[in-house]
Amino acid sequence: MTVFWSLVRRDLVLTLRQGGGAGMALGFFLTVLVLLPLGIGPDLNFLQRLAPGALWITLLLSVLLSTDRIFAPDYEDGSLELMTMGPMPLELVALAKSVAHWLGTGLPLAILAPGLGVLLNLDTLLFGPIMLAMVLGSLALSLLACLGAAVTVGLRRGGMIISLLILPLYVPVLIFGVAATNSVTGVPELFGPSMLILTAISLASLVLAPIAAAAAVRAHMT
Amino acid sequence: MFSGLSFTVAQGEGLLLEGPNGTGKTSLLRILAGFGAIEQGALELKGADEELTIGQRAHYLGHQNALKLALSVEENLTFWANFMGQSVSSSTIADHLGAFNLESLSSYSAGLLSAGQKRRLALSRLELVSRPIWLLDEPSVGLDTASCALLADAMSRHMAAGGLLIASTHTDLGLTFKNKVNLGDLGGRAT
Amino acid sequence: MSFTAPHVGFVLVSYGFSTLVLCGLTAIVLWQARSAANRLKDLEARAVRRRKPAKPVNPA
Amino acid sequence: MQAYANPARFNALALSVLPWCAGITVLLFAVGLYYSLVVAPQDYQQGETVRIMFIHVPAAWMALACYSVMALASAVAIIWRHPLADVAAKTAAPIGACFTFLALFTGSLWGKPMWGTWWVWDARLTSVFVLFLLYLGYIAIWQAIEEPARAARLAAIVALVGFINVPIIKYSVEWWNSLHQPASVLRADGPAIHSSILTPLLIMAGAYTMLFLTLHLIAMRTEIMKRRIHNMEQAEVQG
């Protein structure tokens, strides 16, 4: 397993050293959070009803932002080719890259989400559900992002195509994510049906996305 | 690309690929490394355990150096060693850097290195992780004479230890190759 | 300052957090200064050694 | 080489001033905290929470002051190409960002008991939040570009463009009927607060300013060292 974690560690070190991938995602997240009330109006009660959905959409866009940097640098400097010659199958390489992307951008945002939700006057009862839902959901987001990055690696204007490819795949994560956050009927029961379905989506993409991503990378190689 | 090509390379031997540009030298090396498909014919590796592909038993060095500029020289080598399943101590890394006299630069970030130094860093990766087959595509490009001599030493050490070497080059690598293949006169069209 | 007044928690948290952030900032700034100074000393020592290398013990 | 002449002189000057700055900072903080927490009376309406003012207002002032220092240094860097100017601008940004974050955080903590909510999208608060984003953008520009000279020019432009936000913050309270307290210290007709509140406020403001000055000098010396390290490493590698 050290091979797997050596790749995850290297990718994390690279995102932190080169202009902070996580910092960029957080900056983008904050910027979108500022624009929403300015556009929709400062009425707190209205914003409160809006908050879970707005936070989830902002998370989706923030994760999407750094997607094309998952495979592109390795493709450009020839590392990707050598990775196919390593002892570890390409599927696990894709999984390692998704995990690194998740730990770098998705997870920090998910943990900060309640704090940032304060800006949208998020109901404090929702702090627990939204953090749990976002932690689970952001894993699925990173896995699907990795798939999109693998499909568009090496293509000109790959960044544009990625959003068209992956956003439709993000729809179920968004629906069940917001539903899981809003599943609060009085007492926030954390493990309602939506949360379980959200977890199911994450686990399914944990298995399927790397396989598809590896196939896509192989298609690019030959 | 090319057809009617067949060759065998025994242990401890080298095969030199010659021929003008565009006759498929690089493609042959990439196919051997597993990056391409062959229409007919087969590639076999006798005497090795079966499930590993040729690529997983080989080192491939193309025109790119596969180096991360943000990482330091030592971090680059440590990563590749760990990724290829071999944990290495920093002293072994220092020795391998010494083989291409880069040992004084181990803590510098790879981005500061010149093209020649980056090439030597990529070459030092070959001996760091021991693999029987070396697929080198014009390894001496960008190297000064002193570094070419170091490269020749590394290649001869590899073959002496029973490794296989398949290399394409336009300049003299300072090695005598037992068998050569000229892809030019094999009807290799410049595609 | 009475510690039983209403909302006194907000005062304590804001003072505590401000102290934490400002001390953290100072620590980071000092740490970066120290590590840069060390790296500079190390480089200057190496440069001096390069300009006049130490005499070999037995100049055989 | 002119570029290296005055950084060396600056280093020597900074080194001699630093102990004094640090000493004064500690002294001001000690006196300021004592006045803020012990001497200053309770507010008849807000009770103890008025004490948050003594760390909220100085932080907000420093947030604006740091950005002004950055903008001024950037202007000097672009117009007279003074090598120390972009060092000053680059090192002021993280400190300014910290002060802005503290201003927002303590403001929110003060707002909850007073206005009943952690955050409200009010003109003053929003523009300070935008200021925080400008700081992040400025720091990101420096990190995104390797080559210092080019990064300096682009960062200077970003700082100057962002400076338009500072007057907006200053006069946002008047322009839009803002929930936020209008200026009550720096006013044409003199401060409108009782001295028992004003003294701790000014002392703490002095303490924050001295802290900025001390950290800024240290950070500038570090940045100069980092540039020499970068040049020496390059020379070493090519050597």
Side-chain angles (χ1 to χ4, degrees), chain C, chain D residues 22 25 29 33 36-42 46-56 58-59 91 94-95 97-99 101-103 105-114 204 207-208 211-212 214-229 231-233 235-236 239:
Chain C
M1 160 124 173
S2 80
F3 287 94
T4 55
H7 305 304
V8 78
F10 292 98
V11 180
L12 297 179
V13 168
S14 41
Y15 272 77
F17 188 75
S18 299
T19 321
L20 193 74
V21 169
L22 291 183
C23 291
L25 179 64
T26 314
I28 291 171
V29 167
L30 291 176
W31 178 75
Q32 279 177 346
R34 205 169 52 80
S35 62
N38 293 344
R39 179 72 180 160
L40 198 58
K41 253 204 315 296
D42 163 43
L43 276 171
E44 270 156 0
R46 199 181 301 199
V48 165
R49 217 175 317 114
R50 205 154 39 80
R51 267 195 295 280
K52 46 179 175 44
K55 285 189 296 307
V57 175
N58 43 18
Chain D
T25 309
F29 264 111
L33 285 175
S36 311
L37 294 176
V38 177
V39 172
Q42 279 191 2
Q46 294 177 24
E48 290 302 335
T49 56
V50 76
R51 297 184 194 284
I52 298 178
M53 172 213 305
F54 302 129
I55 47 172
H56 171 65
T91 48
I95 305 170
C98 266
F99 280 128
F101 176 72
L102 276 184
F105 189 83
T106 51
S108 167
L109 278 175
W110 196 12
K112 178 66 178 165
M114 211 156 60
M204 286 302 280
Y208 270 58
L211 179 66
F212 166 69
T214 316
L215 293 183
H216 195 205
L217 286 179
I218 301 173
M220 280 179 76
R221 278 170 48 78
T222 310
E223 181 63 21
I224 291 170
M225 277 192 267
K226 274 197 194 145
R227 294 197 178 184
R228 281 204 60 224
I229 289 170
N231 296 341
M232 289 180 79
E233 277 185 347
E236 176 95 7

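Computed from a prediction, not measured in an experiment: that's the story for all the values here. The sequence lines fix the lettering, A, B, ..., with proteins before strands; numbering per chain opens at 1.
Of the listed residues (Ile55(D), Thr106(D), Ile218(D), Thr222(D)), the greatest number of heavy-atom pairs within a distance under 4.5 Å of chain C belongs to Ile55(D). Heavy-atom pairs under 4.5 Å with chain D were tallied for Val29(C), Leu30(C), Asp42(C); the largest tally goes to Val29(C). In terms of non-hydrogen atom pairs under 4.5 Å with chain C, the most contact-rich of Pro41(D), Cys98(D), Ala219(D) is Cys98(D). Chain C forms more heavy-atom pairs under 4.5 Å with one residue of Val39(D), Thr49(D), Leu109(D) than with any other, namely Leu109(D).
The NZ atom of Lys226(D) sits 10.0 Å away from atom OG1 of Thr91(D), with the distance rounded to the nearest 0.5 Å. Going from atom CZ of Phe99(D) over to atom OH of Tyr208(D) covers 7.0 Å, rounded to the nearest 0.5 Å. Atom CD1 of Ile52(D) is separated from atom CG of Leu12(C) by 9.0 Å, given to the nearest 0.5 angstrom.
In this structure, the portions of Arg51(D) lying under 4.5 Å from any heavy atom of chain C include both its backbone and its side chain. Contact of Ile95(D) with chain C is made through backbone and side chain together, with heavy-atom distances under 4.5 Å. Looking at Val21(C), the atoms closer than 4.5 Å to chain D (heavy atoms on both sides) all sit in the side chain, from C-beta outward. Using a 4.5 Å cut-off between heavy atoms, Leu102(D) contacts chain C through its side chain alone, with no backbone atom that close.
Side-chain contact between Phe54(D) and Leu37(D): absent, with no pair of heavy atoms (C-beta onward) separated by less than 4.5 Å.
Of the residues Thr214(D), Thr25(D), Leu211(D), the one that meets the side-chain contact (heavy atoms from CB on, under 4.5 Å) test with Thr26(C) is Leu211(D).
Using bins of under 30°, 30° to 60° and over 60° for the plane-to-plane angle, the ring pair Trp110(D)/His56(D) lands in the perpendicular bin.
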